[in-house]
There are 2 protein chains.
Amino acid sequence: MKKKSTIVDIAARVGITPSAVSKALHGNTRISDDTRNAVLKAAQELGYQQNSMASALRTGRTGLIGILVPGIHYSFFSSAIKGAEEVLSDAGYSVMISQSKDSQEQEKKQLDGFVRANVEGVIASLGMETKQVGFYQEFSKDRPLVLFDRVFEDESISNIVIDDFQAAVKVVDHLAEMGYRRIAHLGGYSHILAFNKRMEGYKYGLVKHGLPVLDHFIFESSPDKDFAMAVMESLFNLPDPPDAVVAASDYLALGVLNFAKSRQIDVPGQLGIVGFSNEELTKHITPSLTTVDQFSEAMGQAAAELLLDQISCIHKGQEAVSQRRVFIPKLIVRDSTRRELHLANDE
Amino acid sequence: MKKKSTIVDIAARVGITPSAVSKALHGNTRISDDTRNAVLKAAQELGYQQNSMASALRTGRTGLIGILVPGIHYSFFSSAIKGAEEVLSDAGYSVMISQSKDSQEQEKKQLDGFVRANVEGVIASLGMETKQVGFYQEFSKDRPLVLFDRVFEDESISNIVIDDFQAAVKVVDHLAEMGYRRIAHLGGYSHILAFNKRMEGYKYGLVKHGLPVLDHFIFESSPDKDFAMAVMESLFNLPDPPDAVVAASDYLALGVLNFAKSRQIDVPGQLGIVGFSNEELTKHITPSLTTVDQFSEAMGQAAAELLLDQISCIHKGQEAVSQRRVFIPKLIVRDSTRRELHLANDE
DNA sequence: ATGAAAGCGCTAACAG
DNA sequence: CTGTTAGCGCTTTCAT
């Protein structure tokens, strides 16, 4: 454990004071080129590393950004984090990561952890169970906050979403075009805006195509494969089961697919299935799954950019205005809805 | 932006000194219950939050742990991070994450970032291109370091690996048992210990079963699907192509599978395929892929535990001894090698 | 262009 | 049991 050198050591070596060293190291202040070079050289020789705790304490800036997601192992979130991390790291920030595991309590706790660590800003996506968002609003009064994907409505908080309504309409358009008529919906909890929008888009789509909106075809749940199978079980015990399912997530869709396999239901012939997220696995399963691409990495990047924007606004002493960015989703048609199977043509 | 209160404010309110407050807040020191309660109450009322920068500066402890992986979007790594994050977060640490993108330069840079942020320890997995590991060794002289999965040999550094040799032997055992005789190997770069061990295990397995070790059946590469397809192309232009392929990663195996599909080669009849990692998608593709489970989440947890161990050793003033933990891999037999297809029986 | 001095908020010896 | 004191390493006026 070698002891690290400080600006005092450098000062001693060069024969000036610590304050002069500090200035020389930061470049911006007026200092003679000679001393600056001497300082730089000495710093090099001593293997000087600036003590971030000290400067953080002094300046109030930690160079830390927190990212809070339900779970890092979902490919949507890990891609988003990948995108954000790259942008933030390039801008000289370090990234802290926490998982809420879809629990509101955890979420609060982790956000608190960020506060204690003195992050300069946070990028977050809400957990499924999160209904009260007061603590987020509280937080965002103090520091920049950008929400992405799973957001709540608040004029004063920046967010990045995809146009989920639009996406769901596109999905129904496609299904209708393929001749599906009895389209069910397996949604997520509707207090999450994204899921709510998908639900609305689904309904709008049905109406647009003159299809019936049936309450008993609409479900709301956690993104759980087993739940999906249970729901399908009940649907297929009806005299008129659906001929297509719009799932609010790929994992739900996977559950539907498993159910179909177990019951020998032909996909896409007897049952069309659409997922949501374009998880990596959707293109590899059989039949490959029609889904909606959410541009996860780009969303992460955009979230990081908005946050950096806000931070720099604050440093310039301006009031940071909240912004929102909406990504236009892309329907990826694959075999699970391709009723007359032409040549497979992914992506 | 409400100004946050400090222990000085609390001290003033309760009518004692800051140092007494500090003791009261930390519980361990001898302090009367009365004052402690008064302090706690005042802290509550003032919404006191301890300033981590100040205490970090004073104590030299930041409560930060860095995790460095090639890419957070690989499910192996994101699961490992999930496991580690949970353990570390429970132990009161915050987790910083960086990606090396398999570049040694990035890796150095990110590790440096960790040093600047004054992390108390690092968990890392090497990038593919990393051949010089001096900067890791340098780092580990200063602070606890635990390597996992992609490690290098160094007595003094703790690591977590699976027994890759063992795993590869199991794979070959299984293939031999299924009657495959001409078994090729698509490996990763052999300077990565894990890949090297897999290679050795593969060879050992062949010898054990009296099968020929053919140099032109052995390849070394980056984990790239397209590369896999190219290699297979060349192998199947030989007069005696292989009847099975052991791939060092699931993504390589996926490339092999794609090749087989494009050439109408029957899997598992004509060609058996085994992957490595048990990525989520391997169980959903058709045919489902025989692979080796690496217990990614458990590895992450174990890495975190070893690191916490080392940190607590250091705090106790003991020399931290390096430990290694080896996970016994588990072969997951699925359809891509199940020559006589019995009832599907996953996991 | 450089130096002196003060202090960010907290903690840890040491006194009392 | 509680208070006093002295910094951790750095930045930042204000003087020189």
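Here is how names work: the chains are called A, B, and so on, in the same order as the sequence lines, proteins then strands, and each is numbered from 1.
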Integer-rounded Å distance: C:dA12 P and B:R61 CZ: 10 Å
Atom-pair distance (CD1 on B:I7; C1' on C:dA12), nearest Å: 12 Å
Under-4.0 Å side-chain N/O to phosphate OP1/OP2 contact, B:T17 with D:dG3: yes
Set out, line by line, the N/O atom pairs under 3.5 Å between protein and nucleotides 12-16 of chain D.
none

Separation between OG of A:S32 and NZ of A:K23, rounded to the nearest 0.5 Å: 11.5 Å
A:E105 atom CD, neighbour heavy-atom count above 12 within 6.0 Å: no
Residue list, ring-ring contact (aromatic ring centres under 6.0 Å, His included) with B:H191, at least two apart or on another chain: B:Y189
Minimum heavy-atom distance between A:A24 and A:I31, given as atom pair plus value: CA-CG2, 4.3 Å
Length of the CG-C1' vector between B:L25 and D:dT2, whole Å: 15 Å
The helix from C:dA1-D:dT16 to C:dG16-D:dC1: angle between end helix axes, five pairs per end, rounded to 10 degrees: 30°
Nearest-angstrom distance from the residue atom CG of A:D33 to P of C:dA1: 9 Å
Sugar-phosphate, base or nothing in reach of B:I16, heavy atoms under 4.0 Å: sugar-phosphate
Atom-to-atom span, CD1 of A:I10 to P of D:dC10 - whole angstrom: 8 Å
Polar side-chain atom of A:S158 near backbone of A:V146 as donor-acceptor pair, under 3.5 Å: no
All side chain to side chain donor-acceptor pair (under 3.5 Å) counterparts of A:S312, not counting sequence neighbours: none
Verdict with supporting geometry, A:L193 and A:V161, side-chain contact (heavy atoms from CB on, under 4.5 Å): CA-CA 10 Å; A:L193 205 58; A:V161 292; 5.9 Å; no
Sub-4.0 Å heavy-atom contacts from residues 42-55 of chain A onto DNA chain D, ordered by number: A:Y48, A:Q50, A:N51, A:A54, A:S55
Show every donor-acceptor pair shorter than 3.5 Å between a side-chain atom in residues 8-16 of chain A and any protein atom, with sequence neighbours excluded, or say none if there are none.
from: A:D9; atom 1: OD2; to: A:T6; atom 2: N; distance (Å): 2.8
from: A:R13; atom 1: NH1; to: A:E45; atom 2: OE1; distance (Å): 2.2

Separation of atom CG in B:D9 from atom P in C:dC8, rounded to whole Å: 11 Å
Electrostatic pair B:D102-B:R150, nearest N-O below 4.0 angstrom: yes
Neighbour count above 12 (heavy atom, 6.0 Å) for B:K109 NZ: yes
side-chain N/O A:T35 vs C:dT2 OP1/OP2, d < 4.0 Å: yes
Nearest-angstrom distance from the residue atom CZ of B:R36 to C1' of D:dT2: 13 Å
Full working for side-chain contact (heavy atoms from CB on, under 4.5 Å) between B:F152 and B:L147: CA-CA 8 Å; B:F152 57 88; B:L147 298 171; 3.5 Å; yes
